[in-house]
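Here is the structure we will look at.
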Amino acid sequence: LLSGVSRQKEISSMVVTLNSLLYASATVGKFVTFFYAQLRPEKDLLTSINAGHNYPIVIRSDGTCEQLEKGGVMLGIFPDEMLLQISEYEPEVTQLFSGDVVVFYTDGVTETFNPNDELFEEERLEETAKCVRDASASEICTAIYNAVTEFQGEAEQFDDLTLMVLKKK
């Protein structure tokens, strides 16, 4: 990743470079989901690209929600020529305003099961984040983690719970 970032000016080119490296070294049938974002704090712009990863959620200060959806398929499955025929890795630029929150997460968060074999899912994640959106980024992250583990109860945890929260002051 660091090699790809340092050599490429455009993040869409970086994704293709990473795909080349992963495709050349990956085991058949294995792949990587990938999400990358660059924050430009002087303009309050978040530029991102997604390769088959969960869509981060943007919770605006008024409680409305958006997802960062632009991108394409996961990396390491297809050679570059085929990849570029089936996916457009167009960067997404999001303007952030005071009070906006961005929640980045892995599928272990939304695919956590409870003892009744129900999934936590994106809707619960959004609702939890909306309820605590006025808190600090750290407090939002903790609240989401606590909601997931409370929902899970005594059910077995079989995936990671990775969260990162960005909040615009």
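Being a predicted model, the structure only gives us computed values, none of them experimental.
Nearest heavy atom pair, residue A155 against residue N114, reads CB-C, 3.7 Å. Contact between V132 and I140 at its shortest, heavy atoms only, is O-CG1, 3.3 Å. Listed here is the closest heavy atom pair of G52 and T33: O-CG2, 3.2 Å. Between L68 and S48, the shortest heavy-atom distance links the atoms CD1-OG, 4.0 Å. Scanning both residues, P91 and I49, for their nearest heavy atoms gives N-CD1, 4.2 Å.
Between the side chain of Q95 and the backbone N or O of K43, at least one donor-acceptor pair lies under 3.5 Å. A donor-acceptor pair is defined here as one N or O able to donate and one able to accept, closer than 3.5 Å; no such pair exists between the side chain of D107 and the backbone of E111. Under a 3.5 Å cut-off, the side chain of S87 and the backbone N or O of V73 do form a donor-acceptor pair. A distance-only check finds a donor-acceptor pair linking the side chain of K167 to the backbone of A135 [under 3.5 Å]. A donor-acceptor pair is defined here as one N or O able to donate and one able to accept, closer than 3.5 Å; no such pair exists between the side chain of E10 and the backbone of S13. Side-chain atoms of R133 come within 3.5 Å of backbone atoms of S61 as a donor-acceptor pair (strictly under, hydrogens ignored).
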Steps toward side-chain contact (heavy atoms from CB on, under 4.5 Å) verdict (F31, L75): CA-CA 6 Å; F31 60 89; L75 304 178; over 6 Å; no
With side-chain contact (heavy atoms from CB on, under 4.5 Å) as the criterion, how do L163 and V109 come out once you've worked through the C-alpha distance, each side chain's angles and the decisive distance to 0.1 Å? CA-CA 8 Å; L163 290 161; V109 173; 4.0 Å; yes
Take L119 and T110 through the test side-chain contact (heavy atoms from CB on, under 4.5 Å) and record every step on the way to the result. CA-CA 7 Å; L119 289 170; T110 53; over 6 Å; no
Between H53 and N50, does a side-chain contact (heavy atoms from CB on, under 4.5 Å) hold up when you go through it step by step? CA-CA 6 Å; H53 197 67; N50 194 334; 3.3 Å; yes
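Side-chain polar atoms of E150 and N146 form no donor-acceptor pair below 3.5 angstrom. In summary, the side chains of T142 and E139 do not present any donor paired with an acceptor at a separation below 3.5 Å, with no hydrogens or angles considered.
Here the options are E92, E90, E88, the test is salt bridge (charged side-chain N to carboxylate O under 4.0 Å, His left out), and the partner is K70; only E90 passes. With F35 as the fixed residue, the ring-ring contact (aromatic ring centres under 6.0 Å, His included) test singles out one of Y89, Y105, F104: F104.
Each of L18 and Y23 belongs to its own hydrophobic cluster when Ile, Leu, Val, Met, Phe, Trp and Tyr are linked at side-chain heavy-atom distances under 4.5 angstrom.
Taking 4.5 Å as the limit, some side-chain heavy atom of I144 sits within range of a side-chain heavy atom of V103. Between R60 and K130, the closest side-chain pair of non-hydrogen atoms is not below 4.5 Å. At a threshold of 4.5 Å between non-hydrogen side-chain atoms, the residues F113 and E156 do not count as touching.
Comment: K168 does not engage D100 in a salt bridge, judged by the lack of any side-chain N to carboxylate O separation of less than 4.0 angstrom. A salt bridge is defined here as a Lys NZ or Arg NE, NH1 or NH2 lying under 4.0 Å from an Asp or Glu carboxylate O, and E127 with R124 fails to meet this definition.
The number of heavy-atom neighbours closer than 6.0 Å to CD of E154, taken from other residues, nucleotides and ligands shown, is 12 or below.
In this structure, CG in D44 is found 8.5 Å from CZ in F97, a value given to the nearest 0.5 Å.
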